[in-house]
There are 2 protein chains.
Amino acid sequence: MAGREPTYSIGELAEDFAVTPRSLRFYEDQGLLSPARCGSSRIYSHRDRGRLALICRGKRLGFSIAEIKEFLELYEADDHQVEQMRYVATRARSRIDSLERQLADVQQTLAELRALAATVETHLQSHGVTETPDRRSP
Amino acid sequence: MAGREPTYSIGELAEDFAVTPRSLRFYEDQGLLSPARCGSSRIYSHRDRGRLALICRGKRLGFSIAEIKEFLELYEADDHQVEQMRYVATRARSRIDSLERQLADVQQTLAELRALAATVETHLQSHGVTETPDRRSP
DNA sequence: CCTTACCTTTACGTAAACGTCAACTTCGAG
DNA sequence: CTCGAAGTTGACGTTTACGTAAAGGTAAGG
């Protein structure tokens with residue numbers, strides 16, 4: 001019953017996540033990944049794949065590499081000593097606080113932008129333009 | 001009845017908007033501002049002040065200097081050229097879309113983090129620790 | 001006259017997150 | 001054997017939005 005864990009080359013994993021091999025090496029330099037080696041070639045495990053998924057998500061969220069690294073360590077610490085759990089709890093809470101602030105920021109920005117869009121569209125309407133802008137031949 | 005328009009030195013304006021003089025010079029280099037000169041000193045008019053307000057707002061909204069420059073040129077060009085307003089509206093909408101995606105992502109992350117925090121705290125409780133962790137002297 | 005505060009220009013420095021190039025090595029296919 | 005594709009490690013280039021001296025001008029106040 002031994003299904004061997006799948007492994008990936010740098011190119012495969014890069015393509016799967018639509019990043020470049022260069023990025024994967026960079027993440028490794030920064031300590032976010034540490035794939036096994038076969039000779040000098042990198043061999044990525046299923047866990048590495050999971051970590052990369054988290055990295056990509058973090059990037060989508062606009063976090064820096066350093067922040068993402070903290071995240072990863074946070075998830076890693078999952079099955080560590082009880083003593084360290086306090087630290088994890090503290091980090092998680094502080095992370096949540098920061099995210100809540102970011103959430104508020106984004107919502108504020110959205111509000112401003114929607115107001116701007118509304119203003120502009122009102123102006124457009126007052127010029128007799130009500131439809132979604134078609135492109136006219138110039 | 002001729003109240004002269006107020007003018008500002010670089011330092012005044014910078015302080016008013018909580019930016020550095022360096023930033024104002026930079027914005028000028030980038031063509032976002034072009035204050036009058038008295039000798040070599042910059043003299044900012046009321047209009048310049050208005051432009052700076054737009055610049056700061058653009059920054060808050062997450063636009064790049066280059067994008068803000070485009071907007072300023074649009075506002076400048078004609079107060080209401082329909083074609084140009086469409087462009088602004090399009091940009092705003094696209095930014096809104098992107099922010100809405102980001103919002104969803106952040107909310108998702110928050111949910112996960114809260115779950116993690118809850119898990120960790122449950123673990124801590126099961127070890128007889130119920131209070132918020134105080135910082136002990138090391 | 002001298003200091004102080006504020007202004008000027010020029011120009012190099014910084015941080016993030018890779019891109020890009022060079023200069024190999026390695027491996028399976030033909 | 002040879003080729004090309006894909007891998008490796010440096011190391012320097014790029015972009016954005018300024019920071020940070022360096023070196024000096026100018027006007028007010030003591």
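Just the heavy atoms: all of them, side chains too, but no hydrogens, waters or symmetry mates, feed the values below. Labels below follow one simple rule: chain letters A, B, ... track the order of the sequence lines, proteins then strands, and each chain is numbered from 1.
- With contacts defined as side-chain heavy-atom distances shorter than 4.5 Å, the pair B/Q125/B/E121 does not qualify.
- The side-chain heavy atoms of A/T122 and A/T119, taken from C-beta on, include no pair separated by under 4.5 Å.
- With sequence neighbours excluded, the residues forming a ring pair (Phe, Tyr, Trp, His ring centres under 6.0 Å) with B/F71 are B/F63, listed by chain and number.
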Worksheet, complete the sentence: Nucleotide by nucleotide, nucleotides 9-15 of chain D touches protein heavy atoms under 4.0 Å in the pattern (B base, S sugar-phosphate only, - none) B-B----

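- With sequence neighbours excluded, the residues satisfying salt bridge (Lys or Arg N to Asp or Glu O under 4.0 Å) with B/R114 are A/E100.
- Residues B/D97 and B/S94 bring no donor and acceptor atom of their side chains to less than 3.5 Å of each other.
- Of all the heavy atoms in A/A14 and A/P21, the pair that sits closest is CB-N, 3.8 Å.
- Considering only residues two or more places apart in sequence or on other chains, A/R57 meets the salt bridge (Lys or Arg N to Asp or Glu O under 4.0 Å) condition with B/E112.
- Pairs engaging residues 18-53 of chain A under the ring-ring contact (aromatic ring centres under 6.0 Å, His included) rule: none recorded [sequence neighbours left out].
- For the atom pair B/I10 CD1 and B/R22 CZ, the distance stands at 10.0 Å (nearest 0.5 Å).
- For residues 7-20 of chain A, the pairs satisfying salt bridge (charged side-chain N to carboxylate O under 4.0 Å, His left out) are A/D16-A/R49, with sequence neighbours left out.
- Within residues 63-70 of chain B, the residues approaching DNA chain D are B/S64, B/I65, by heavy-atom distance under 4.0 Å.
- Protein chain A contacts DNA chain C over a range whose 5' and 3' limits, counting nucleotides with an atom under 4.0 angstrom from a non-hydrogen atom, are C/dA17 to C/dT20.
- Hydrophobic clustering, with ILVMFWY side chains joined whenever heavy atoms are under 4.5 angstrom apart, groups B/L54 together with B/L24.
- Within residues 43-55 of chain B, no residue is approached by DNA chain D to less than 4.0 Å at the level of any non-hydrogen atom.
- A/R47 meets the salt bridge (Lys or Arg N to Asp or Glu O under 4.0 Å) test with A/E76; sequence neighbours excluded.
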Without placing hydrogens or testing angles, list every side-chain donor-acceptor pair under 3.5 Å for residues 29-38 of chain B, not counting sequence neighbours.
residue: B/R37; atom: NH1; partner: B/S40; partner atom: O; Å: 2.8
residue: B/R37; atom: NH2; partner: B/E28; partner atom: OE2; Å: 3.0

Pairs under 3.5 Å (N/O, protein and nucleotides 22-29 of chain D):
none

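- For the atom pair A/I68 CD1 and A/K59 NZ, the distance stands at 6.5 Å (nearest 0.5 Å).
- With no hydrogens or angles considered, a side-chain donor-acceptor pair links A/T20 and A/S23 at under 3.5 Å.
- Residue B/P21 is the one, among B/D29 and B/P21, whose nearest nucleotide of DNA chain C lies closer to the 5' end (criterion: closest heavy atom).
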